[in-house]
Amino acid sequence: MRTPIIAGNWKLNKTISEAVALTTALKASVADVNDVEIIVAPPFTALAAVNEVIAGSNVRLSAQDVYSEDTGAFTGEVSAPMLKDVGCEYVIIGHSERRQYFGETNESVNQKVKAALAHDLKPIICVGEQLEEREAGQTETIIENHVTGGIAGLSVTELLTCVIAYEPVWAIGTGKTATPTQAQEVHSFIRGLLTSVYSADVASQLCIQYGGSVKPENAAELMAQPDVDGALVGGASLEAESFAQIVKFG
Ligand code: 13P
């Protein structure tokens, strides 16, 4: 019922020529895949070039962040209309690295989500607990804050335009993947939250991705969990072959 969504978050990696080479190879490797939504999220500087490479293909374009205002005196920021203009269909919002290093809060995430939706961009809203929070038994409280804060005030139609990505911070870039059971527990908790805020019908339609050390070796077992509907991939998306293997998890 829910189409799997596999996205590659390239983070602070790839020059334009490297991005074009990676995307060209990826496009060829996944050309025959038609049952998965495939997304790449290059850095801002490579968006235009990658958009040219993926034209007419089954690969979609995402940015890694967006600002909440459309225009104005906000030096260094990039707005939703600009991302739409360069060919983005998706935008990652509230990644834990933005929360950790750049002061992103649930409130700023919510403002960015609304700005993206206002310009027909599909937000990929990231949520996730840190190791100390998990060890202190606070995982569900943190996830509830991130989810309800991020989607506050959205209509059903707006919510269903979003993707939620559960990324436990302790699993990002550490090689320490959440076990399929740990991922499923949190994904099911998120779907339960959405059921209480919206309805079971709405909750059942929303795609919830898992992120954190997803690799070709563990993608299938994570994706086999009933509430895991996709993956947000960092390191393993930087090479066409490993990302293509994840896309073809089935
Ligand atoms: P890694 O796959 O490198 O752990 O990164 C996950 C991530 O943060 C994707 O947004």
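The figures here come from the full heavy-atom set of this structure, side chains too, leaving out hydrogens, waters and symmetry mates. Numbering of ligands and ligand atoms starts at 1, following listing order.
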Identify every side-chain donor-acceptor pair in residues 1-9 under 3.5 Å, counting partners at least two apart or on other chains, and give the distances.
residue, atom, partner, partner atom, Å
R2, NE, D229, OD1, 2.9
R2, NE, D229, OD2, 3.1
R2, NH1, S204, O, 2.7
R2, NH2, P226, O, 3.0
R2, NH2, D229, OD1, 3.2
N9, OD1, K11, N, 3.0

Report every pair formed by an N or O atom of ligand 1 and a protein N or O atom separated by less than 3.5 Å, giving atom names and the distance to 0.1 Å.
residue, atom, partner, partner atom, Å
ligand 1, 2 (O), S213, N, 3.4
ligand 1, 2 (O), G234, N, 2.9
ligand 1, 3 (O), G235, N, 2.8
ligand 1, 4 (O), G173, N, 2.6
ligand 1, 4 (O), S213, N, 2.7
ligand 1, 5 (O), K11, NZ, 3.3
ligand 1, 8 (O), K11, NZ, 2.8
ligand 1, 8 (O), H95, NE2, 2.8
ligand 1, 8 (O), E167, OE1, 3.4
ligand 1, 10 (O), N9, ND2, 3.0
ligand 1, 10 (O), H95, NE2, 2.9
ligand 1, 10 (O), E167, OE1, 3.2
ligand 1, 10 (O), E167, OE2, 2.9

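- Using modelled atom types and a 3.5 Å distance limit, the side chains of S108 and E104 yield a donor-acceptor pair.
- Using cut-offs of 30° and 60° for the angle between ring planes, the H187 and Y210 rings count as tilted.
- W170 and E129 share a donor-acceptor pair across their side chains, judged by distance under 3.5 Å alone.
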Show me the side-chain donor-acceptor pairs of residues 74-87 shorter than 3.5 Å, one per line, residues at least two apart or across chains.
residue, atom, partner, partner atom, Å
S79, OG, D70, O, 2.9
K84, NZ, D120, O, 3.1

Show me the side-chain donor-acceptor pairs of residues 33-41 shorter than 3.5 Å, one per line, residues at least two apart or across chains.
residue, atom, partner, partner atom, Å
E37, OE2, Y90, OH, 2.6

